[in-house]
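This is a predicted model, so every value here is computed, not measured. First the proteins, then the strands, lettered A, B, ... as listed; each starts at 1.
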Number of protein chains: 2
Amino acid sequence: MPPDDAHSRTAILDAAEKLFSTQGYAATTIKQIGTEAGVNSALLYYYFADKLTLYQEIIRRLLETLTRSGTRVFDEAKSAEEAVRGLVSVQGELMTSRPYAPRLIARELVDHEAEHASEHISKLAAGVFARLCEVIRDGQRSGIFRDDLDPRFAAISTISQVVYFHIARPAVGIVLGYGPAGPPADVTRTFNAHAADYAIAALTAPSSGRKRTRKQK
Amino acid sequence: MPPDDAHSRTAILDAAEKLFSTQGYAATTIKQIGTEAGVNSALLYYYFADKLTLYQEIIRRLLETLTRSGTRVFDEAKSAEEAVRGLVSVQGELMTSRPYAPRLIARELVDHEAEHASEHISKLAAGVFARLCEVIRDGQRSGIFRDDLDPRFAAISTISQVVYFHIARPAVGIVLGYGPAGPPADVTRTFNAHAADYAIAALTAPSSGRKRTRKQK
DNA sequence: GTCTATAGGTGGATAGAC
DNA sequence: GTCTATCCACCTATAGAC
């Protein structure tokens, strides 16, 4: 993949990423992509085998970024709390900086069994997920996290907040009073911070008793 | 809407609900719906004006159920904790009992600006959301809930768990080791219970200090 | 109410000139 | 590398028989 050799190629990729994420795969036409990219739609078939291949290339590109920054957080974190906060924060940054990413991911999550089932997204995400589970388990063993929550479920709950906020962005915008365009950037950032607080509040062991051994299942 | 006058009508509605939620609106064809419903595809145009109208009718039907059971929870709840637990639990039951509902909702959330933007979903959901915010605020005032969380954000975080679990069902299935078909029913039920615990753990005021007045923003 | 047949339109993909 | 022109399959929607 040369840096900028084929300018049209990236133009097509960017245009397609935008259209696929806002309209969905089936609803997006080859001609729309061509127009949005400023090239003839037939050119698409010079760079990509077909519509589906183009789509999968976009998913692949996105996933690489996602997992890279995800694993980095865990490598650098010094404590369980730091890891949890770091992951939530990175999630938030990524969703905010790449506005089309959340929807594309959302569609993949929903569409999994359907046509272009890219198992990659789940498989790779599983890596980050497994590490989050470990971190939570460690926190429970060392006593800083409450141990009456299933670590895997707690991981899902923790991750869900930021992802949901961005997937449901239009709806969230409406319930918060900003309209269907979604909340402004500063509110989004504030929520990202909140999500980390909420997660830590849920995970942290109650400071009173300190001794609870009931383990789920 | 007579009880069971037009048998074919409901057959079409059910078939369409299934197909739209699994494949999406654009990817689903009129002929598929006809076949799935066991009637000729042209019959669809006898009962519904066009494809979009049929789709919107399905959304409407689903939303009615959703908001009805949502508001009932708040009417019956005797305490803040009971209301939060009740809502999470009702969310879970509904998602479990109507297996196609979560995806349909997910698609609507993501698609909002796109073609069939049904503002209904957000508007009606806003009613339930507003009441959840009130409940959390009440809990904060009475001291049983920690008051350093923004009630609106806390409401979003609380709701997000169950919705995300069901939207991302295939991915969740994979990371939990059950494959892309999703986790079995008992695991789903266990998660629903967990989600309530997680939310209460996050919301409940730390039993130690009991006196914190820092308010977000 | 339910079907057959088909009109009318659009979308993905290819051939081939430049 | 990029474009024009076009083929073919398929999809929505309608007309009209039963």
Does B:Ser8 have a side-chain nitrogen or oxygen under 4.0 Å from the phosphate oxygens OP1 or OP2 of C:dT2? yes

State whether A:Arg9 and A:Asp14 are salt-bridged, where the test is any N-O pair (Lys NZ or Arg NE/NH1/NH2 against Asp/Glu carboxylate O) under 4.0 Å. no

Donor on one side chain, acceptor on other, A:Gln23 and A:Thr28, under 3.5 Å: yes

Interatomic distance, B:Tyr46 OH vs D:dA17 P [rounded to whole Å]: 18 Å

Whole-Å distance between C:dG11 C1' and A:Phe20 CZ? 13 Å

Nucleotide C:dT14, atom P - distance to NZ of A:Lys51 in whole Å: 14 Å

Could B:Asp75 and B:Arg131 be called an ion pair, given the rule that one side-chain N must be under 4.0 Å from one carboxylate O? yes

Is any side-chain nitrogen or oxygen of B:Tyr45 closer than 4.0 Å to OP1 or OP2 of D:dT14? no

Can you measure B:Lys31 atom NZ to C:dA5 atom P for me and round it to whole angstrom units? 13 Å

Specify the separation, in whole Å, of atom OH of A:Tyr25 and atom C1' of C:dG11. 12 Å

Length of the CD1-P vector between A:Ile12 and D:dC3, whole Å: 9 Å

Given atom CD of A:Gln32 and atom P of C:dG11, what is their separation to the nearest angstrom? 7 Å

In whole angstrom, what separates B:Leu43's CG from D:dA15's C1'? 15 Å

Name the nucleic acid region contacted by B:Ile30, choosing base, sugar-phosphate or nothing; use a 4.0 angstrom heavy-atom cut-off, strictly under. sugar-phosphate

Where each residue is assigned the nucleotide of DNA chain D containing its nearest heavy atom, which of A:Tyr47 and B:Ala42 is assigned the position nearer the 5′ end? A:Tyr47

When you measure from the side-chain N and O atoms of B:Thr29 to the phosphate of D:dC10, is any distance below 4.0 Å, counting only OP1 and OP2? no

Can A:Arg60 and A:Glu57 be counted as an ion pair, charged N to O under 4.0 angstrom? yes

